[in-house]
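Reckoned from all heavy atoms, side chains included, excluding hydrogens, waters and symmetry mates. Being a predicted model, the structure only gives us computed values, none of them experimental.
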Amino acid sequence: MRSFRYSLPATDLIFGKGSLEYLGTELRKIGKKALLVTGKKSMKRLGFLKKSCDSLEKAGLEVVHYGEVVPNPTVEVVDKGTERAIDNGCDVVVGLGGGSAIDTAKNIAIATGHFEGEKISIWEFAGVHDKPRQITSKSLPVVAIASTSGSGSHVSRFAVVTNQKTREKTGIMSPFICPKLSIVDIDILSCMPPSLTAETGFDALTHLMECFVSKKANPITDFTCLKAVKLIFDYLPQAYNRGDDMEAREAMALADTFAGWALVTSRPVLPHALSHPLSAFYPEISHGIALGALTPGIMQFNIDRGDEQVVSKYCQIARMGGEKVTSCSKKEALKSVKAVQELLEKIELDITLKDLGVKEDSFEDMIESAFTTMKGPIEANPVPVTREDILNLYSKSM
Ligand code: NZQ
Ligand code: MN
């Protein structure tokens with residue numbers, strides 16, 4: 001076995017049905033005045049915004065609500081939230097929602113913590129610049145309450161943001177934004193409608209499969225990713241068909257948590273590298289749907305070009321997907337693609353880029369954006385990739 005280094009940032013994770021009740025008492029140990037960041041509707045409509053405010057206020061904390069997060073959150077949304085946090089003197093940022101709300105909370109925590117009298121846009125911290133602004137321990141502490149099982153953001157040190165002007169979607173990374181406290185309450189997760197369960201569950205599956213085949217994988221991620229891949233093959237259709245199935249919801253939340261840790265300790269590869277430009281150029285396409293359209297073609301490509309080790313990894317994925325794999329060959333490895341395609345059909349996510357309204361004349365610009373914003377995942381792909389390969393992969397997904 002080759003030697004490796006493994007370090008997980010510390011997150012105090014409270015996992016289980018009803019765990020939102022601990023929010024106030026636990027947050028009291030972290031701050032006094034919280035900016036509570038949510039999307040525009042769901043958490044209010046489902047009563048979890050009120051529940052969170054009540055828990056915080058009961059514990060003697062002050063709460064300022066910022067409820068303007070949109071899916072694929074933008075620089076403007078983050079900057080406006082930063083202004084709200086600064087104006088109100090908040091000392092901790094809580095993200096209540098899916099990846100979009102939690103990522104926005106993280107980005108607000110960075111920009112607010114580094115405020116020294118002059119406004120700073122979050123974009124100044126993005127790695128797309130030659131010399132991005134440094135993210136330090138001045139960042140405010142972040143608390144995450146997950147309402148989806150997909151992004152892994154509740155335990156990761158990434159915060160995704162989209163610059164609509166330059167049409168770049170990128171992940172800002174820092175150990176300082178990894179949530180100090182993370183709450184995974186199954187009662188919130190069981191409110192997800194089927195389509196959201198499908199999109200977010202497939203996102204978690206791709207995190208696991210990508211981090212498993214990645215050049216940055218290590219024996220610990222190999223072990224945990226494979227176990228969690230099996231959880232998703234076994235339980236995602238069940239969670240999709242019966243939203244109130246607590247066993248399936250728990251399994252998905254656990255798999256999402258393992259996937260978040262895998263993102264931190266390994267690295268995603270091509271499907272994520274190619275999906276970010278899609279959402280940057282077509283903001284209405286959700287992250288999970290983009291991954292559904294791209295993933296099978298990329299798996300085929302990696303198997304076709306992969307060496308014995310890569311092929312073996314896809315054979316193991318196929319086994320987790322319930323396929324009978326008798327030997328380690330490219331033919332057997334392709335059964336992993338079949339397993340993924342069958343899963344996509346079961347959760348009604350077998351969609352092409354054409355179905356999503358993507359136009360071929362945007363491919364060149366999307367490829368450019370992928371190389372600027374997602375260089376790391378492109379380089380971590382288990383087989384080398386050229387611009388021409390990416391063009392072919394986008395075309396194949398039409
Ligand atoms: O906006 P509201 O009204 O709150 O509604 C949301 C939103 O419209 C709704 N929703 C969320 N939880 C719900 C719910 N509706 C009913 N019941 C619930 N329990 O769902 C819609 C989508 O929410 P969003 O947060 O956008 O979904 P998701 O969790 O898939 O997050 C996607 C974002 O995470 C980023 C993606 O790029 C994307 O921006 N990612 C973040 C990562 C990270 N930080 O490490 C890694 C991932 O690869 C991913 O890229
Ligand atoms: Mn993802």
Between [X] and [Y]: side-chain donor-acceptor atoms closer than 3.5 Å:
X    : Y    : value
H272 : E210 : yes
T197 : R249 : yes
T386 : D389 : yes
Y240 : E348 : yes
N302 : Y314 : yes

Should the heavy atoms of other residues, nucleotides or ligands under 6.0 Å from [atom1] of [X] be counted, would the total exceed 12?
X    : atom1 : value
Q134 : CD    : no
F223 : CZ    : no
Y22  : OH    : no

Qualifying salt bridge (charged side-chain N to carboxylate O under 4.0 Å, His left out) pairs, either residue in [range], two or more places apart:
range            : result
residues 31-47   : K33-E62
residues 12-23   : K17-D187
residues 88-108  : none
residues 158-168 : E76-K165

Distance-only, no hydrogens or angles: does the [X] side chain make a donor-acceptor pair with backbone N or O of [Y] under 3.5 Å?
X    : Y    : result
S190 : G243 : no
D256 : M252 : no
S266 : L263 : no
S156 : F158 : yes

So, using salt bridge (Lys or Arg N to Asp or Glu O under 4.0 Å) as the criterion, who are the partners of [X] when residues are at least two apart?
X    : answer
K338 : E323, E342
R28  : none
D79  : none
D245 : R242

When you measure from the centre of the six-membered ring of F212, is the NZ or CZ of K313 closer than 6.0 Å and no more than 45° off the axis?
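Yes, a cation-pi geometry holds between K313 and F212.
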
Looking only at heavy atoms, which two atoms of C211 and C225 are closest? And how far apart?
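Taking every non-hydrogen atom into account, CB-SG, 4.1 Å.
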
Which pair of heavy atoms, one from L294 and one from P271, lies closest together, and at what distance?
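Nearest heavy atoms, L294 then P271: CD1-O, 4.0 Å.
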
With H154 via ring pair (Phe, Tyr, Trp, His ring centres under 6.0 Å) - residues at least two apart
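In terms of ring pair (Phe, Tyr, Trp, His ring centres under 6.0 Å), with neighbours along the sequence ignored, H154 is linked to no residue.
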
Output the distance between atom [atom1] ([X]) and atom [atom2] ([Y]), rounded to the nearest 0.5 Å.
X    : Y    : atom1 : atom2 : value
N72  : I285 : CG    : CD1   : 9.5 Å
I122 : F125 : CD1   : CZ    : 5.5 Å
I30  : L140 : CD1   : CG    : 12.0 Å
F301 : L270 : CZ    : CG    : 6.5 Å

Which pairs of donor and acceptor atoms, one on a side chain in residues 325-334, lie under 3.5 Å apart (sequence neighbours left out)?
| from | atom 1 | to | atom 2 | distance (Å) |
| --- | --- | --- | --- | --- |
| T326 | OG1 | E332 | OE1 | 3.3 |
| S329 | OG | E332 | N | 3.2 |
| K330 | NZ | I303 | O | 3.3 |
| K330 | NZ | D304 | O | 2.7 |
| K330 | NZ | G306 | O | 3.1 |
| E332 | OE1 | T326 | N | 2.9 |
| E332 | OE1 | K335 | NZ | 3.1 |
| E332 | OE2 | K335 | NZ | 3.3 |

Only distances under 3.5 Å count here; give the side-chain donor-acceptor pairs of residues 358-371 to other protein atoms, sequence neighbours excluded, each with its distance to 0.1 Å.
| from | atom 1 | to | atom 2 | distance (Å) |
| --- | --- | --- | --- | --- |
| S362 | OG | Y282 | OH | 2.6 |
| S362 | OG | K359 | O | 2.6 |
| E368 | OE1 | R387 | NH1 | 3.2 |

Taking only residues two or more places apart in sequence or in another chain, which ones pass side-chain hydrogen bond (donor to acceptor under 3.5 Å, both in side chains) with E345?
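For E345, no residue satisfies side-chain hydrogen bond (donor to acceptor under 3.5 Å, both in side chains) once neighbours in sequence are set aside.
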
